[in-house]
Amino acid sequence: MELSKRYKPAEVEAKNYRFWEEGNFFRAAVGVVDKDRFSVAIPPPNVTGRLHMGHALNNTLQDIVIRYHRMLGDETCWFPGTDHAGIATQNVVEKELATEGISRHDIGREAFVERVWEWKAKYGSEIIDQLKALGCSCDWSRLRFTLDEGLSHAVREVFVKLYDEGLIYRGAYLVNWCPRCETAISDLEVEHEEIDGALYYILYPLEDGGSVTIATTRPETMLGDTGIAVHPEDKRFAHLIGKTARLPILDRALPIIGAEQVDPEFGTGTLKVTPAHDPVDFEIGQANGLNSVNILNDDGTINENGGPFAGMDREAARKAVVDRLKADGHLEKVEPYRHAVGHCERCHTAVEPLISTQWFLKMKPLAERAIEVVRDGRVRFVPERWTKFYIDWMENIRDWCISRQLWWGHRIPVWYGPDERPFAAQSEEAAAAAAREHYGREVELRQDDDVLDTWFSSWLWPFTIMGWPEETPELETYYPTQFLVTAFDIIFFWVARMIMASLHFRNEIPFETVYITPLIVDPEGRKMSKSKGNTVDPLELMDEYGADALRFSMAHATTKGRSMRTPTTQLEDARNFLNKLWNMARFVLMQLGDERPGLPDEVTELEDRYILSRLAATVATVREHLDAYNFNLAAETLYEFTWHDVCDWYVEMAKVRLQSGSDPAAKGILHHVLKQILLLLHPFVPFVTEEIWQVLGEEPTSISLAPFPGPSDRERDAEAEAAMAALQEAVTGVRAIRADLNVPQKAEISVVLKSGSMALVEPLVRSLASLKALTGAAVWDFGSAMTEMAGTARKVLSFGELFVPLADLIDVASEIKRLGAELAEVSADLAASTAKLANDQFLSRAPADVVEKERRKRDEFAQKVERLEANLASLGA
RNA sequence: GGGCGAGUAGCUCAGCUGGGAGAGCAUCCGGCUUACAUCCGGAAGGUCACAGGUUCGAGUCCUGUCUCGCCCACCA
């Protein structure tokens, strides 16, 4: 089969993915006991999702680990699925409706939800196709959706259980309200953004004369003020406690109280208390029995409690309130003020805190054990620093608001009786039965209108994808999972909650290792976001460079830092690298023809011994790095070995033997080394490696099922590596002379190599043909004393010296300059080394091997200096 | 107000438990050497942010400072 001169991903990728799917290579068995098991639950992408760089990174890393373990021989399963993504999906469909000029309220709940399912049927698989394009080797037969019947059942089960345990409660508390989405959102869904606002100083008259001035950033909330607070120990205001002020405009009586929460340093040191619209005020209100006056409608407009401002949008109301205060002489001053304002993560509308009746989950009882398993290392974060991040948050965890005023999601499994008594149950029938029992008769039940936070299904993901609450063979075989990959911003949303859920419902951890990826940032180092317009589309990158190139560059760029830049030049590097690999394969195929010789029995040639030694080292290093999740180092090691050790040196040396007729050993080694490289690279770049594997016609059918290289009987060969290093030094020396002195490529030269080390020279003599081919020097003379010759270029090596007679090409003066510069450098090294060895402290405290190494270095420098000096002398310097 | 990460060659970044500063790109010089010009050979380029400290020895460990990025927090 003929390979094209360049690697063309488009011709290879889709074809090979189809091959994998048709072969069911990623289908995992259940119930296997005689193998290690390895499983991963995918972080389910939103059904509305389009592959972004975060997904690309995340799933590339998961796939590398999954493929690695599959090749290690583990029974390996990657469980895939998608998330129904409550608000996000509802927003998408609402937007679609808006283009038709209608809102969800126009068509009603049932029809709307139907519409979303239609949308899902149409577009929900796009993200799956994109993951396949990336090469992800999930077991697609196990694809799940967080809103499918099985998971919905699990969600109801969990809700009822937690309700019965008293961990879920309903009540009116201060929540974050998004007026655009018209729903409560959890603390985690609020993003704080610094904005330029203003501090308004409002004058509150006191009932018995005088006034008090209070600073606020949200003047319109004064409509909901029900008190005023000062710090109890603030002497300036002590006399005010117990008195009453009057609210401007609405003329409400405001008791003045003392509260610890007040910061005497801020503003005027007094606080207007608006329990319905501020978390601190809510606390103070509760503690002091103040009323709560909610002034907002669900859409963010002012309600009837806002008096003359009722019906106005909150923005307009702010302005109107300020104008009115000013007109009445109640506005003392306005100062510019920069502060953080909460925004809805999904739609970026400013969030309003308000009192609302919602469902909550108590977190502290769940958090305790979840902290424990991380602390004792049963669940491990990589990089390790995230452990502290996790524990800090868990220790200060607050209750989770789990209800959402949406239509798309798991409807809360609670039915209310005529007296509003709630019945939590798996089904309406079960609730009816419970109600019948309670009331002693048949009653009309009404289901709660709200749905659950999307994360209320995701936090059950690792075991619900395996069929929980049934005790399935999947659970038995693959739970707990071994590995989870996610970004740090999901630790609290998801990772922490999964740990809590798994411990609570299954009494075991959900996964052993949590790998936290760096955050991908733009070229300026800023977070990528659609609103900033600095996103990069991985699908476009895949089109341009190929999925493998994207994967390799991702792996290569993944460090244990907190962020990484979008790979740009690295993408080109990766593409070039894969092309290099492709061409190496072409070369090997050209040499092999129909033969598939494999590793020869006897290996004697220097370069053969060398490359096998390097291969053994590479296998060991790559496995080490993969086991430690050092993706960049593993990729780097393979790049280096393939390109430099194999292509630059081994192939070039083997050519000599291959061109001068058949050489079974060289062919066998080429074949073997190529195969090993393919296997080592396969987890990183599955498409190109599979393609070459197929062309070679290797067994097994798919490289994805082949065993990953392990330690072999051929291990490191220090002697060959040392001899090869000498050869490389000599070759590079001659090439440098050629380049420095502008000796034309075609010009015939001869080389004299002088060395006292027969151990090193002897293999070079045997590799004479390689030396000639690699340097273009036709005549090599070893070991003989150099007779003084005019016009000789010189190079001092670590183990000897090179002489290249070039007659009139040599300019003695510049030759002296060249050698002089090197002498200066080496002399400095020698001086440093000598000084070190003269230091008694060093000799007595440094480990013996370090001292020994230093001695060898010193001797080497000394010899080099000696040779350089001799050469300079012979040039008459 | 706390916390985290980064600061190494012109650019993007490696550098594991402390023992002679690395890669790729860009630059310069030379090459169509029949696997690859997405290539090959060579060269130049760095007070490892700054200041102290620990150590025989610090890019690597400790303390402090500066710059950038990010996270968390009830200063309205």
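The model shown is predicted, which means the values in this text are computed figures rather than measured ones. Only heavy atoms go into these numbers, but all of them, side chains included; no hydrogens, no water, no symmetry mates.
In this structure, the NE2 atom of H231(A) is 15 Å from the P atom of rC75(B), given to the nearest Å. Atom C1' of nucleotide rC25(B) and atom CZ of R575(A) are separated by 12 Å, given to the nearest angstrom. The nearest whole Å value for the distance from the OH atom in Y639(A) to the P atom in rG22(B) is 18 Å. Remark: C1' of rC75(B) and CG of D281(A) are 12 Å apart, rounded to the nearest angstrom.
Heavy atoms of L633(A) sit under 4.0 angstrom from primed sugar atoms or phosphate atoms, though from no base atom. If you check every strand for non-hydrogen atoms under 4.0 Å, T221(A) touches nothing. Using a 4.0 Å heavy-atom cutoff across all strands shown, M590(A) reaches sugar-phosphate atoms only and no base atom. If you check every strand for non-hydrogen atoms under 4.0 Å, R818(A) touches nothing. When heavy atoms are screened at a 4.0 angstrom cut-off, T559(A) is found touching the sugar-phosphate backbone but no base atom. P518(A) comes within 4.0 angstrom of no nucleic acid atom, judged by non-hydrogen atoms across all strands.
If you take atom P in rG41(B) and the same atom in rU34(B), they sit 14 Å apart, rounded to whole Å. rC13(B) and rU17(B) have their C1' atoms separated by 23 Å, with the value rounded to a whole Å. Comparing rA6(B) with rC16(B), their P atoms are spaced 12 Å from each other, to the whole Å. Taking atom C1' in both rG45(B) and rC11(B), the straight-line distance is 13 Å, to the nearest Å. Of the C1' atoms belonging to rU55(B) and rG19(B), the separation is 12 Å, rounded to the nearest Å. The P atoms of rA21(B) and rA49(B) are separated by 15 Å, rounded to the nearest whole Å. Nucleotides rU33(B) and rG18(B) place their P atoms 49 Å apart, quoted to the nearest Å. Taking the P atom of each, rC39(B) and rA51(B) are spaced 41 Å apart, rounded to whole Å.
For an aromatic pair to be called close, the ring centres must be under 6.0 Å apart, and F631(A) with Y515(A) satisfies this. Aromatic ring centres of Y639(A) and W643(A) lie closer together than 6.0 Å. Between W582(A) and Y7(A), the distance separating the two ring centers is shorter than 6.0 angstrom.
Taking the side chain of R586(A) as heavy atoms from C-beta on, and the options rA35(B), rA14(B), rA76(B), the nearest nucleotide is rA35(B).
What you find for V622(A) and A634(A) is that their closest heavy atoms are CG2-O, 4.2 Å.
Residue R385(A) has no polar side-chain atom (N or O) positioned under 4.0 Å from OP1 or OP2 of rC4(B). One finds no side-chain N or O of N396(A) lying less than 4.0 angstrom from the OP1 or OP2 phosphate oxygen of rA73(B). For the pair K857(A) and rG19(B), the criterion of a side-chain N or O lying under 4.0 Å from OP1 or OP2 is not met. Between W582(A) and the phosphate of rC39(B), there is no side-chain N or O to OP1/OP2 separation shorter than 4.0 Å.
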**Q.** Check against salt bridge (Lys or Arg N to Asp or Glu O under 4.0 Å), D392(A) and K388(A)
**A.** CA-CA 6 Å; D392(A) 285 352; K388(A) 182 176 161 358; 3.1 Å; yes
(Q) If you apply the rule side-chain contact (heavy atoms from CB on, under 4.5 Å), what do you find for L188(A) with W393(A), and how did you get there? (A) CA-CA 12 Å; L188(A) 287 175; W393(A) 186 76; 4.2 Å; yes
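With RNA chain B read from its 5' end, the first of the two nearest nucleotides for D263(A) and E860(A) is the one closest to E860(A). Each of W386(A) and E636(A) was matched to the nucleotide of RNA chain B holding its nearest heavy atom; the match closer to the 5' end belongs to W386(A).
Taking only distance into account, the side chain of E652(A) meets the base of rA35(B) through a donor-acceptor pair shorter than 3.5 Å. Side-chain to base pairing of K580(A) with rC36(B): one donor and one acceptor N or O lie within less than 3.5 Å of each other. For rA35(B), the base has a donor-acceptor partner in the side chain of K655(A) [N/O atoms by modelled type, under 3.5 angstrom].
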